[in-house]
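By convention in this document, chain letters (A, B, ...) are assigned in the order of the sequence lines, proteins followed by strands, and residues within each chain are numbered from 1. Owing to the predicted nature of the structure, the values given are computational and were not obtained by experimental measurement.
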There are 2 protein chains.
Amino acid sequence: MNEVNHISFFEVASKVLKALGHPERLRIVEYLQTGERNVGEIQREIGLSQPITSQHLRYMQRHNILTSRREGTRLYYFLASDLIRKLLECMHSCKLSLDSGDMQVGDIFPETKRSI
Amino acid sequence: MNEVNHISFFEVASKVLKALGHPERLRIVEYLQTGERNVGEIQREIGLSQPITSQHLRYMQRHNILTSRREGTRLYYFLASDLIRKLLECMHSCKLSLDSGDMQVGDIFPETKRSI
DNA sequence: CATCAATATAGCGTTTTCGCTATATATGTC
DNA sequence: GACATATATAGCGAAAACGCTATATTGATG
């Protein structure tokens with residue numbers, strides 16, 4: 001069991017992780033935790049060019065991280081699944097651990113010496 | 001704050017996610033949750049060729065997912081940080097949610113129709 | 001239908017990832 | 001030092017990711 005059409009959990013999960021494995025995309029996705037936003041809003045918030053913003057959003061939509069909803073000329077993107085939401089919560093709790101000093105950057109990137 | 005030598009949390013986290021974003025590497029890393037293993041053990045467990053196994057392990061070591069310890073002619077690899085462990089726990093809990101049917105594959109991969 | 005604003009796509013060069021085969025290195029043993 | 005076992009690396013071609021510029025599409029409005 002644990003397979004659907006020969007797609008294992010590992011295949012699914014790794015695709016999601018890979019798609020989130022980009023600093024700007026992670027920023028975008030964390031921003032979208034607060035609710036849906038249109039491309040322009042995301043672009044301004046993250047500070048990317050229009051094409052790059054659109055490309056990242058399309059990429060994440062293709063990889064089932066995001067979904068979109070059109071409203072007139074605007075396209076609103078939002079988180080596509082509970083897996084994504086759970087993952088982000090987890091990242092956030094890791095971030096808090098790092099902030100609180102329970103965890104050191106050195107635990108993750110030994111070459112840096114101070115805590116995040 | 002929240003920056004160390006201009007390396008933000010997003011940079012660190014996205015590198016980790018990217019490095020975990022590969023089905024075989026995810027398998028390896030989940031296997032290593034049970035404790036350290038040497039290359040041969042990992043190779044046999046996951047069912048990869050020797051060079052590929054070694055390459056994935058080195059890759060993950062370079063990306064601060066794993067560390068290693070030599071014992072004679074054997075090299076033992078193990079999880080490098082608490083962030084990794086936390087992330088895996090999270091993935092595992094997501095996996096359980098999927099298994100229990102609370103979540104559907106369709107939530108993640110709409111083209112598939114049954115639950116994982 | 002002309003035009004504008006919002007968003008997407010094409011095309012391109014560079015870099016990284018990937019899996020593979022062949023070969024090298026390191027360690028232990030005789 | 002010869003040899004065996006365990007592991008790593010080199011080198012290669014194919015594919016994908018990346019950021020960029022230029023251009024196209026879509027929808028609303030006059």
(Q) Under the side-chain hydrogen bond (donor to acceptor under 3.5 Å, both in side chains) test against B/Tyr77, which residue among B/Arg69, B/Arg58, B/Glu41 passes? (A) B/Arg58
(Q) Within residues 28-39 of chain B, which residues have any heavy atom lying less than 4.0 Å from an atom of DNA chain D? (A) B/Asn38, B/Val39
(Q) Looking at every heavy atom in both A/Gln33 and A/Glu89, which two are closest together, and how far apart are they? (A) NE2-N, 4.1 Å
Q: Using whole Å, report how far CE of B/Met60 lies from C1' of C/dT17.
A: 14 Å
Q: Would you check, one step at a time, whether the test side chain to side chain contact (heavy atoms under 4.5 Å, CB included) holds for A/Val39 with A/Arg74?
A: CA-CA 7 Å; A/Val39 182; A/Arg74 306 252 164 88; over 6 Å; no
Q | Interatomic distance where CD1 belongs to A/Ile52 and P belongs to C/dC12 [whole Å] | A | 17 Å
Q.
Assess whether a salt bridge exists between B/Arg27 and B/Glu30, defined as any Lys/Arg side-chain N lying under 4.0 Å from an Asp/Glu carboxylate O.
A. no
Q) Taking the six-membered ring of A/Phe78 as reference, does the NZ or CZ atom of A/Arg37 fall below 6.0 Å from its centre and within a 45° cone about the axis? A) no
**Q.** A/His22 (side chain) donor-acceptor with A/Glu24 (main chain) under 3.5 angstrom
**A.** yes
Q: Check the distance between C/dT16's C1' and B/Lys18's NZ and give it to me in whole angstrom.
A: 7 Å
Q.
Expressed as a whole number of angstroms, how long is the span from B/His22:NE2 to C/dT16:C1'?
A. 13 Å
Q: Name the first nucleotide and the last nucleotide along DNA chain D (5' to 3') that come under 4.0 Å of a heavy atom in chain B.
A: D/dT5 to D/dA10
Q. Between atom NZ in A/Lys15 and atom P in C/dC18, what is the gap in whole Å?
A. 13 Å
Q) How about A/Gln61 and A/Thr67: does a side-chain donor come under 3.5 Å of a side-chain acceptor? A) no
Q: Figure out the CZ/C1' separation between B/Arg58 and C/dA24, and round it to whole Å.
A: 14 Å
**Q.** Pairwise 5' ranking along DNA chain C for A/Arg44 and B/Pro51, keeping only the more 5' one
**A.** A/Arg44
Q) If you look at every heavy atom in B/Val29 and B/Leu79, which pair is closest and at what distance? A) O-CD2, 3.9 Å
(Q) Report for the helix from C/dC1-D/dG30 to C/dC30-D/dG1: angle between first-end and last-end helix axes, five pairs each, rounded to 10 degrees. (A) 10°
Q) Quick one: A/Ile46 CD1 to C/dT7 P, roughly how many Å, whole number? A) 14 Å
Q.
Considering every strand and a 4.0 Å limit on heavy-atom distances, what is the contact class for A/Leu75: base, sugar-phosphate, or nothing?
A. sugar-phosphate
**Q.** Spatial distance of atom CG (B/Leu83) from atom CG (B/Asn64) [nearest 0.5 Å]
**A.** 10.5 Å
Q. Should B/Leu26 and B/Tyr31 be counted in the same cluster of Ile, Leu, Val, Met, Phe, Trp and Tyr side chains packed under 4.5 Å apart?
A. yes
Q: Starting at OG of A/Ser68, measure out to CG of A/Leu57 and round the result to the nearest 0.5 Å.
A: 9.0 Å
(Q) Heavy-atom nearest nucleotide on DNA chain D for A/Tyr59 versus A/Arg70: which residue maps closer to 5'? (A) A/Tyr59
Q. From the list C/dT16, C/dG19, C/dA5, which nucleotide is the closest neighbour of the side chain of A/Thr73?
A. C/dA5
Q) Roughly how many Å is it from OH in B/Tyr76 to P in C/dT27, rounded to a whole number? A) 15 Å
Q) Are A/Tyr59 and A/Tyr76 connected in a single hydrophobic cluster, I mean Ile/Leu/Val/Met/Phe/Trp/Tyr linked by side-chain heavy atoms less than 4.5 Å apart? A) no
